[in-house]
Amino acid sequence: MIGVTGTESKISDRVPKLLRVTAALSWRFVAVVAALYVVFQVVGFLATIVIPAGVALLLAALLSPAVSQLTRAGMPRGLSTGVVLVGGIAVVGGVLTFVITEFSKGLPQLQEQISASLDTIRGWLKDGPLHLSDVQLQQYLDRVVETVKENQSEITSGALTTAATVGELLTGLLLALFTLIFFLHDGDGIWRFMIRVVPQDVRGRADVAGRRGFASLVSYVRATALVAVVDAVGVGIGLWIVDVPLVVPLSALVFLGAFIPIIGAVITGAVAVLVALVANGPLEALIILAVLIGVMQLESHVLQPLLLGRAVKLHPLAVVLAITTGLVVSGIAGALLSVPLLAVLNSGIRSLLSESDKAVEPGEVDVHEPQESGPVDTGGERVEGIDDTGDPTAEHSGKK
């Protein structure tokens with residue numbers, strides 16, 4: 001055995017150091033990629049459970065501060081949870097009812113404007129540079145009808161798939177609501193139970209890191225909701241000034257899209273531009289496009305840096321890559337959850353790497369005050385992420 005070991009040592013010594021290091025890094029990289037692949041496969045297989053749980057966690061981050069305030073005021077935890085849930089459902093239900101009502105009122109006007117736009121297009125095709133005759137236009141319409149008939153089975157199957165998707169969506173909403181109730185009522189107890197799987201000697205550090213991560217999630221949800229409101233109001237005012245129909249539904253769509261950073265508001269805003277183009281014309285569509293660009297500039301250069309907070313400071317490239325990965329792995333739901341997950345991991349890892357958090361007790365971390373819950377280094381400075389230049393940044397926690 002000693003001779004074999006000595007021979008292997010001699011052979012290893014003859015291998016260039018660069019090759020040995022590269023080989024060691026390679027098999028570790030392969031192991032990490034394989035582990036991530038397994039995680040993604042499991043998450044994809046359990047998407048009907050993971051996605052509602054993720055949505056419930058986002059809602060818990062938004063609503064838990066209200067529950068805590070009511071509890072501190074003397075209200076029992078269960079009653080506080082019920083009051084916040086009922087109030088939230090009432091607000092959401094009222095907003096949805098208002099949006100649906102406004103959509104129903106604006107639909108006839110949209111139909112009239114679309115009909116007028118189609119007549120304008122028909123006149124342009126006849127009298128414009130193409131000079132199409134009525135017979136040619138009718139032939140094109142007949143081709144469209146024939147295409148629909150030929151693909152009737154695919155359209156029907158797509159409708160059935162959509163119905164199944166709606167059923168799955170309703171099931172997911174019920175599961176998310178059920179999970180949210182327990183997150184709000186006993187979220188701290190659930191976390192303490194989960195943290196038991198961590199070894200005793202590092203359990204305190206993991207507990208603090210987890211609380212830092214949830215604090216960053218609270219900060220992210222608050223800031224994103226406020227940014228979404230500003231986006232919706234800005235685009236809505238532009239639609240109202242230009243007199244585009246369906247102002248409220250389109251604004252609500254922009255609000256929902258803003259929860260997917262960078263691309264969400266752009267895509268939903270493009271829908272508003274398209275409606276303005278079809279219903280009002282190219283000039284009005286250009287005005288709405290200018291309003292959308294202005295709102296996006298305000299969001300990216302003022303609101304996002306100001307509101308997301310120190311604990312959630314993420315590089316724009318990291319955000320784009322996270323959204324793209326989420327889209328590839330799990331579609332729209334993945335894009336929605338990817339950036340919050342990245343924010344939680346960023347804050348938790350920074351806590352584990354912070355020397356000052358070794359002396360912090362889990363109970364000292366107030367998850368509902370994210371601006372004051374970032375890790376502090378040994379020099380008394382708050383540890384930050386990486387700024388746009390790529391250099392580490394730090395800001396005195398007690399100095400301006």
Side-chain angles (χ1 to χ4, degrees), residues 1-47 50 54 194-195 197-214 216-217 220 261-262 310-331 334-335 337-358 374-379 381-394:
M1 181 67 67
I2 297 177
V4 174
T5 305
T7 303
E8 292 178 352
S9 178
K10 292 180 180 180
I11 295 175
S12 178
D13 291 339
R14 293 184 178 182
V15 177
K17 182 179 180 180
L18 178 61
L19 182 58
R20 294 200 305 269
V21 174
T22 304
L25 292 176
S26 298
W27 73 257
R28 288 175 171 83
F29 176 75
V30 171
V32 171
V33 171
L36 291 176
Y37 177 78
V38 172
V39 170
F40 286 150
Q41 290 297 316
V42 172
V43 170
F45 181 74
L46 300 176
V50 174
M194 294 178 61
I195 204 68
V197 302
V198 180
Q200 182 69 35
D201 56 336
V202 294
R203 186 177 300 171
R205 291 300 306 273
D207 195 355
V208 171
R211 293 174 185 272
R212 300 287 194 202
F214 187 77
S216 69
L217 186 63
Y220 172 84
I262 297 177
R310 299 184 181 94
V312 197
K313 184 177 288 184
L314 298 173
H315 196 281
L317 178 60
V319 174
V320 172
L321 293 178
I323 294 173
T324 305
T325 303
L327 282 172
V328 172
V329 174
S330 190
L337 300 176
S338 57
V339 178
L341 176 61
L342 182 62
V344 170
L345 292 176
N346 174 55
S347 184
I349 291 173
R350 288 195 293 111
S351 175
L352 293 175
L353 296 177
S354 172
E355 291 295 328
S356 64
D357 268 6
K358 290 183 178 180
V376 180
D377 67 13
T378 55
E381 296 178 341
R382 190 167 302 282
V383 176
E384 295 295 345
I386 303 298
D387 64 8
D388 292 340
T389 63
D391 296 328
T393 60

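All of these numbers come straight from a predicted model, not from anything done at the bench. Computed over heavy atoms, backbone and side chain alike; hydrogens, waters and symmetry mates excluded. Numbering of residues begins at 1 and proceeds along the displayed sequence.
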Practice prompt. Quick one: closest heavy-atom pair of Ala206 and Val198, and the distance?
Written response: CB-CG1, 4.0 Å

Fill in: Heavy-atom pair of closest approach, residues Ala343 and Ser216
O-OG, 3.4 Å

Worksheet entry | From Arg205 atom CZ to Leu353 atom CG, the distance as rounded to the nearest 0.5 Å | 8.5 Å

Response to the item:
Between Val43 and Val50, the two heavy atoms sitting closest are CG1-CG1, 4.1 Å

Response to the item:
Output for pair (Thr325 OG1, Phe40 CZ), nearest 0.5 Å, gives 6.5 Å

Discussion item. Which heavy atom of Gly326 sits nearest to which heavy atom of Ser338, and what is that distance?
Written reply: CA-CB, 4.3 Å

Fill in: Arg212 (side chain) donor-acceptor with Val208 (main chain) under 3.5 angstrom
no

